[in-house]
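The sequence lines fix the lettering, A, B, ..., with proteins before strands; numbering per chain opens at 1.
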Amino acid sequence: MLIEQENIENININAFQNDLITWFKNEQRNLPWRKDQDPYKVWVSEIMLQQTRVDTVIPYFNRFIEWFPTIEDLAEAEEDKVLKAWEGLGYYSRVRNLQSAVKEVKEKYNGEVPSSPEEIARLKGVGPYTAGAILSIAYGIPEPAVDGNVMRVLSRILSIWDDIAKPATRKVFEKAVRTLISHEDPSAFNQALMELGALICTPTSPSCLLCPVREHCQGFYEGVQNELPIKTKKTKTRDVQLAAAIVFDESGKILIHKRPESGLLANLWELPSVELHHSMQNEREQVIDLFNQNHNIKINLEKIIGQIEHVFSHLIWNISVYTGKIAFTLQESEEWKLVTFEELEEFAFPVSSQKMFRLYQEQLEE
DNA sequence: TATTCGTGGAT
DNA sequence: TATCCAAGAAT
């Protein structure tokens, strides 16, 4: 904490703010959520951008605002449609938290996104970064918005060697931002730090020769810009063996299942599946037994149509994909439905299920 | 605090 | 091919 305190005193704060903000105003990308400062749109964009690239978010953002133009529209929407709007974006609890928070804003705050740090931080899905981003960008309030970009950029500028993988480290950077932030234009300042991280001060091989704040950068001065930030943490993924089935009824409809309301891919639809375990039993027999035991569904498996690998951040699914027929009359419910191929479009599926549908289509074409 | 939450692009 | 990682939050 002492090191960065000394380094921050080496910075000419006014010149730094001016160089950074001037660069941002000239070089910023033209992004759909920068067309106005509607707090709702800023909010939606910030949730979508969590751990997600700008290029990925753009089409999702445009469609989401088209479907749900206002807080009221989103508050009143069916959750299934909201999840459909998020289909393929990942981290699906983000959008369920967003809708929940939007309902709270509608009811408790008369539809106006609160502008106090305490109130906005209490909303579901709004953490320290998102609270600061909305407050500064939509309301011009000088609050820190410390994301991965800001930690990378400031770790270099201030030569901060704390491990940014540790949650406690964010506070170090929030303190630095409180010292550095422009009170004239907090929105431009915060966005400029992130834009600099995205365009110039990139994770590998930063473009220091193009950097508008190079002369303020302690890391560049020391020649350590490629060693910062310090980020430990290893990703240990575990393997899970699954078997999924495309199960048809007599009329050719497909059986789909709604996942539980918490945990992985919560509330999304999927092709029914079971987790396999090591056994002397052959896989085909085990799948039939597990469908019976876990789902209380009797099926006749036809054939295996292929294997699919799907990689999450923390685990890997290896899925054997079967086709089959349902061996009794199924009672449909909130959790189980029989639908036609056309009706599949109405349901939100994770990418793993979409891979299986594609695999089946490829089989048909052979 | 460490882990759980997706996905697809970059290197 | 494998690893990392991108505008984080909840638990």
A.B. asks: Show me the pairs that pass salt bridge (charged side-chain N to carboxylate O under 4.0 Å, His left out) and involve residues 129-148 of chain A, at least two apart or across chains.
C.D. replies: A:E143-A:R178
A.B. asks: For A:L359, what residues pass the side chain to side chain contact (heavy atoms under 4.5 Å, CB included) criterion, not counting sequence neighbours?
C.D. replies: A:I305, A:I308, A:V321, A:E362
A.B. asks: Check for me whether the distance between the ring centres of A:W86 and A:Y60 falls short of 6.0 Å.
C.D. replies: no
A.B. asks: For DNA chain B, determine which residues of residues 116-146 of chain A have any heavy atom closer than 4.0 angstrom to one of its atoms, and list them numerically.
C.D. replies: none
A.B. asks: Would you mind listing every salt bridge (charged side-chain N to carboxylate O under 4.0 Å, His left out) that reaches into residues 183-200 of chain A, with sequence neighbours excluded?
C.D. replies: A:K25-A:D185, A:R29-A:E195, A:R34-A:E195
A.B. asks: Mind listing the side-chain donor-acceptor pairs of residues 292-304 of chain A below 3.5 Å, one per line with the distance, residues two or more places apart or on another chain?
C.D. replies:
unit_1 : atom_1 : unit_2 : atom_2 : d
A:H295 : NE2    : A:S273 : O      : 2.8
A:E302 : OE1    : A:T323 : OG1    : 3.4
A:E302 : OE2    : A:K325 : NZ     : 2.9

A.B. asks: Could you tell me whether the side chains of A:N318 and A:Q307 share a donor-acceptor contact shorter than 3.5 Å?
C.D. replies: no
A.B. asks: Taking the six-membered ring for Trp, are A:H257 and A:W336 parallel (under 30°), tilted (30 to 60°) or perpendicular (over 60°)?
C.D. replies: tilted
A.B. asks: Counting only non-hydrogen atoms, which of residues 184-197 of chain A are less than 4.0 Å from DNA chain C?
C.D. replies: A:M194
A.B. asks: Counting N and O atoms only, with roles assigned by atom type, does the side chain of A:T70 sit under 3.5 Å from a partner on the main chain of A:D73, one being a donor and the other an acceptor?
C.D. replies: yes
A.B. asks: Under 4.0 Å between any heavy atoms, over every strand shown, what does A:V150 touch: base, sugar-phosphate, or nothing? Just pick one.
C.D. replies: nothing
A.B. asks: Answer with base, sugar-phosphate or nothing: what part of the nucleic acid does A:W317 contact at a heavy-atom distance below 4.0 Å?
C.D. replies: nothing
A.B. asks: Output yes when A:E270 and A:R259 qualify as a salt bridge under the 4.0 Å nitrogen-oxygen rule, no when they do not.
C.D. replies: yes
A.B. asks: Which whole-number value in Å describes the distance from A:F173 CZ to C:dG8 P?
C.D. replies: 14 Å
A.B. asks: Considering only heavy atoms from C-beta outward, does the side chain of A:I254 approach that of A:L338 to under 4.5 Å?
C.D. replies: no
A.B. asks: Looking at C:dA6, I'd like to know if its phosphate oxygens (OP1 or OP2) sit under 4.0 Å from a side-chain N or O belonging to A:R152.
C.D. replies: yes
A.B. asks: Using a 3.5 Å cut-off and no angle test, enumerate the donor-acceptor pairs between side-chain atoms of residues 119-129 of chain A and protein atoms at least two apart in sequence or in another chain.
C.D. replies:
unit_1 : atom_1 : unit_2 : atom_2 : d
A:E119 : OE1    : A:S116 : OG     : 3.2
A:K124 : NZ     : A:S100 : OG     : 3.2
A:Y129 : OH     : A:E46  : OE1    : 2.6

A.B. asks: Using atom P in both nucleotides, what's the gap between C:dT3 and B:dG6 to the nearest angstrom?
C.D. replies: 22 Å
A.B. asks: Specify the separation, in whole Å, of atom CD1 of A:I164 and atom P of B:dA2.
C.D. replies: 15 Å
A.B. asks: Going 5' to 3' along nucleotides 4-11 of chain B, which nucleotides have protein heavy atoms under 4.0 Å from the base (write B), which only from the sugar-phosphate (write S), and which from neither (write -)?
C.D. replies: SBBBB---
A.B. asks: Hey, could you give me each pair passing ring pair (Phe, Tyr, Trp, His ring centres under 6.0 Å) that has a residue in residues 337-366 of chain A? Not counting sequence neighbours.
C.D. replies: A:F248-A:Y360, A:W269-A:F347, A:F341-A:Y360, A:F349-A:F357
A.B. asks: Applying side chain to side chain contact (heavy atoms under 4.5 Å, CB included), name anything that partners A:V82, two or more places apart in sequence or on another chain.
C.D. replies: A:F68, A:L74, A:A77, A:V95, A:Q99
A.B. asks: Can you check the distance between B:dC5 and C:dA6, where both ends of the measurement are the P atom (answer in whole Å)?
C.D. replies: 22 Å
A.B. asks: Rounded to whole Å, how long is the line connecting atom CG of A:D163 with atom C1' of B:dT1?
C.D. replies: 13 Å
A.B. asks: Can you measure A:L98 atom CG to C:dA9 atom P for me and round it to whole angstrom units?
C.D. replies: 13 Å
A.B. asks: In residues 16-32 of chain A, which residues come under 4.0 Å of DNA chain B by heavy atom?
C.D. replies: none
A.B. asks: Hey, could you give me each pair passing ring pair (Phe, Tyr, Trp, His ring centres under 6.0 Å) that has a residue in residues 18-48 of chain A? Not counting sequence neighbours.
C.D. replies: A:W33-A:F61
